[in-house]
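What follows is a single structure, written as structure tokens, with notes after it.
No hydrogens, no waters, no symmetry mates; every other heavy atom, side chains included, goes into these values.
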Amino acid sequence: MPDDPELLVVGSIALDKREGPFGKVDEELGGSAVYFALAASLLVPVKVSAPVGHDAVDQVWNAFEGRPIDTAQVEVIQAPTYRWTARQEHGRNVDLGSADEIYEHWKPDIPPGYSGWAFVGSMRPDRQAIAMRALHHSARLLAADAMFSYIKHHTTHAKDVLRRAAWFFCNQEEFAAFGGKDPEEFRRQWWLDGLVLKAAQEGVTTYTPDGPVHVPALTKYTAFDTTGAGDALAGGMLARWLTTGGQRAGLRDAMVCGVACASLTIEAVGVRGIASATPQILEHRMQELWASMKRES
């Protein structure tokens, strides 16, 4: 592990209203920064930059309690916490709208002189773009994620985020919304060091100049609630890869860790699964995935 691994997530803290096979939930803690931080903190310390209202701050502190998560850049704002409404159908969330007034009162706060690894999670793309510009020349590895509804309605900002990213995470629907057809051609077109294409129960494939690397999903566990799986995957993958120095040889191992974190997330509603995980549970889940991959090969 590097002497002082630094990992930062800039993203959203949310209170979700969702329905699906698990029933209906309201005011459920979520958000890209929360899922990413909970997964990554199983391996390395994480810094979080995000806005939260007084209506959710206690839930955030409770979820992060006992984890090596630095919340110095979490800003408590006199505005309602970001709200997101969705309905889960066939293993995916259908976005039913959001209330993002809080972003009018917040600008991403980046630690002064930050030069570690950074992930800018899905949130309103103009806030994403500000964070990307602030980190573009200083972060040693700069990754970002997408959100389908924001790509459709804030295309210019969404493309600016993509243009500044060295690594980009998206699912098949988001990839198509950017006009993507061939992943390797897309990676070269946008000058990406890595494109991480998520395909739910089919697993995840990473495209780099060295060629594609695929890791299947761990399907033995029921996908009870898929919300946050992509952010947890990114958190686990980047944190694990950071611990091994970001070497190409460690990419598949990092992806296995990311898929394991996603698996732990989806087996419970909201953040409950990944929040209750331990490094030992994560290691066991990774070993299960390695064994499954070995049998399939």
Next on the checklist: With side-chain contact (heavy atoms from CB on, under 4.5 Å) as the criterion, how do Phe169 and Leu238 come out once you've worked through the C-alpha distance, each side chain's angles and the decisive distance to 0.1 Å?
Outcome noted: CA-CA 11 Å; Phe169 291 72; Leu238 292 177; 4.3 Å; yes
Checklist entry - Do Glu185 and Tyr207 have side-chain N/O donor and acceptor atoms under 3.5 Å apart? => result no
Next on the checklist: Side chains of Gln78 and His54 only: does a donor on one sit below 3.5 Å from an acceptor on the other?
Outcome noted: yes
[X] (side chain) donor-acceptor with [Y] (main chain) under 3.5 angstrom:
| X | Y | answer |
| --- | --- | --- |
| Glu28 | Leu15 | no |
| Arg127 | Trp106 | yes |
| Glu202 | Ala199 | no |
| Thr278 | Ile281 | yes |
| Gln73 | Pro108 | no |
| Ser32 | Ser12 | yes |

Just verifying a value: how many Å separate [X] [atom1] and [Y] [atom2], rounded to the nearest 0.5 Å?
| X | Y | atom1 | atom2 | answer |
| --- | --- | --- | --- | --- |
| Asp145 | Leu162 | CG | CG | 11.5 Å |
| Leu242 | Arg240 | CG | CZ | 12.0 Å |
| Gln201 | Ile266 | CD | CD1 | 9.5 Å |
| Asp126 | His157 | CG | NE2 | 5.0 Å |
| Leu218 | Leu264 | CG | CG | 9.0 Å |
| Thr265 | Phe224 | OG1 | CZ | 14.5 Å |

Checklist entry - Pick from Trp241, Tyr35, Phe36: which one makes a ring pair (Phe, Tyr, Trp, His ring centres under 6.0 Å) with Phe119? => result Phe36
I want to check something: taking the side chain as every heavy atom from C-beta on, are [X] and [Y] in contact at a cut-off of under 4.5 Å?
| X | Y | answer |
| --- | --- | --- |
| Val215 | Arg252 | yes |
| Pro80 | Glu101 | yes |
| Ile69 | Lys47 | no |
| Thr205 | Pro183 | no |
| Asp70 | Pro45 | no |
| Phe186 | Lys181 | no |
| Thr208 | Asp193 | no |
| Val120 | Leu135 | yes |

Establish whether [X] and [Y] are linked, either directly or via other cluster members, by ILVMFWY side-chain heavy-atom contacts under 4.5 Å.
| X | Y | value |
| --- | --- | --- |
| Leu192 | Leu197 | yes |
| Trp117 | Leu251 | yes |
| Ile130 | Ile77 | no |
| Trp290 | Leu233 | yes |
| Val48 | Val271 | yes |

Checklist entry - Passes side-chain contact (heavy atoms from CB on, under 4.5 Å), Val204 versus Val259? Steps please. => result CA-CA 8 Å; Val204 59; Val259 171; 3.5 Å; yes
For [X] against [Y], the heavy-atom pair lying closest together:
| X | Y | value |
| --- | --- | --- |
| Cys170 | Leu195 | SG-CD1, 4.0 Å |
| Val269 | Arg18 | CG1-NH2, 4.5 Å |
| Ser122 | Ala146 | CB-O, 3.8 Å |
| Ile102 | Gly53 | CD1-N, 3.7 Å |
| Ile110 | Ala134 | CG1-CB, 3.8 Å |
| Trp61 | Val76 | CZ2-CG2, 4.4 Å |

Under 4.0 Å between a Lys/Arg side-chain N and an Asp/Glu carboxylate O for [X] and [Y]?
| X | Y | result |
| --- | --- | --- |
| Glu173 | Lys198 | no |
| Glu65 | Arg67 | no |
| Asp26 | Lys17 | no |
| Arg272 | Asp225 | no |
| Arg83 | Asp100 | no |
| Glu288 | Lys220 | yes |

Next on the checklist: Tell me whether Arg140 forms a cation-pi arrangement with Tyr114, defined as NZ or CZ under 6.0 Å from the six-membered ring centre and within 45 degrees of its axis.
Outcome noted: no
Next on the checklist: Suppose we screen for side chain to side chain donor-acceptor pair (under 3.5 Å). Which residues come up paired with Lys24, at least two apart in sequence or across chains?
Outcome noted: none
Checklist outcome for this item: Sorted by chain and number, sequence neighbours left out, side chain to side chain donor-acceptor pair (under 3.5 Å) with Ser98 holds for none
Checklist entry - Taking only residues two or more places apart in sequence or in another chain, which ones pass ring-ring contact (aromatic ring centres under 6.0 Å, His included) with Tyr103? => result Tyr82
Checklist entry - Going through the distances and angles, do Phe168 and Phe178 end up as a ring-ring contact (aromatic ring centres under 6.0 Å, His included)? => result CA-CA 12 Å; Phe168 197 70; Phe178 277 116; 5.7 Å; yes
Next on the checklist: Using the rule given for side-chain hydrogen bond (donor to acceptor under 3.5 Å, both in side chains), can you reason through Thr81 versus Asp55, listing the C-alpha separation, both sets of side-chain angles and the distance that settles it, and then say yes or no?
Outcome noted: CA-CA 7 Å; Thr81 298; Asp55 50 359; 2.5 Å; yes
Next on the checklist: For His284, I'd like to know if atom NE2 has over 12 heavy atoms of other residues, nucleotides or ligands within 6.0 Å.
Outcome noted: no
Next on the checklist: Within a 6.0 Å radius of atom CH2 on Trp191, are there more than 12 heavy atoms belonging to other residues, nucleotides or ligands?
Outcome noted: no
Item to check | side-chain hydrogen bond (donor to acceptor under 3.5 Å, both in side chains) assessment of Ser138 paired with Ser115 | outcome: CA-CA 5 Å; Ser138 63; Ser115 59; over 6 Å; no
Checklist entry - Can Glu283 and Gln287 be said to form a side-chain hydrogen bond (donor to acceptor under 3.5 Å, both in side chains), step by step? => result CA-CA 6 Å; Glu283 182 64 30; Gln287 292 304 320; 2.9 Å; yes
Item to check | Test side-chain contact (heavy atoms from CB on, under 4.5 Å) applied to Asp160 and Arg163, step by step | outcome: CA-CA 5 Å; Asp160 188 46; Arg163 181 174 63 85; 2.6 Å; yes
Next on the checklist: The test is side-chain contact (heavy atoms from CB on, under 4.5 Å); show your working for Val196 and Met237 and say whether it passes.
Outcome noted: CA-CA 10 Å; Val196 183; Met237 177 178 166; 3.9 Å; yes
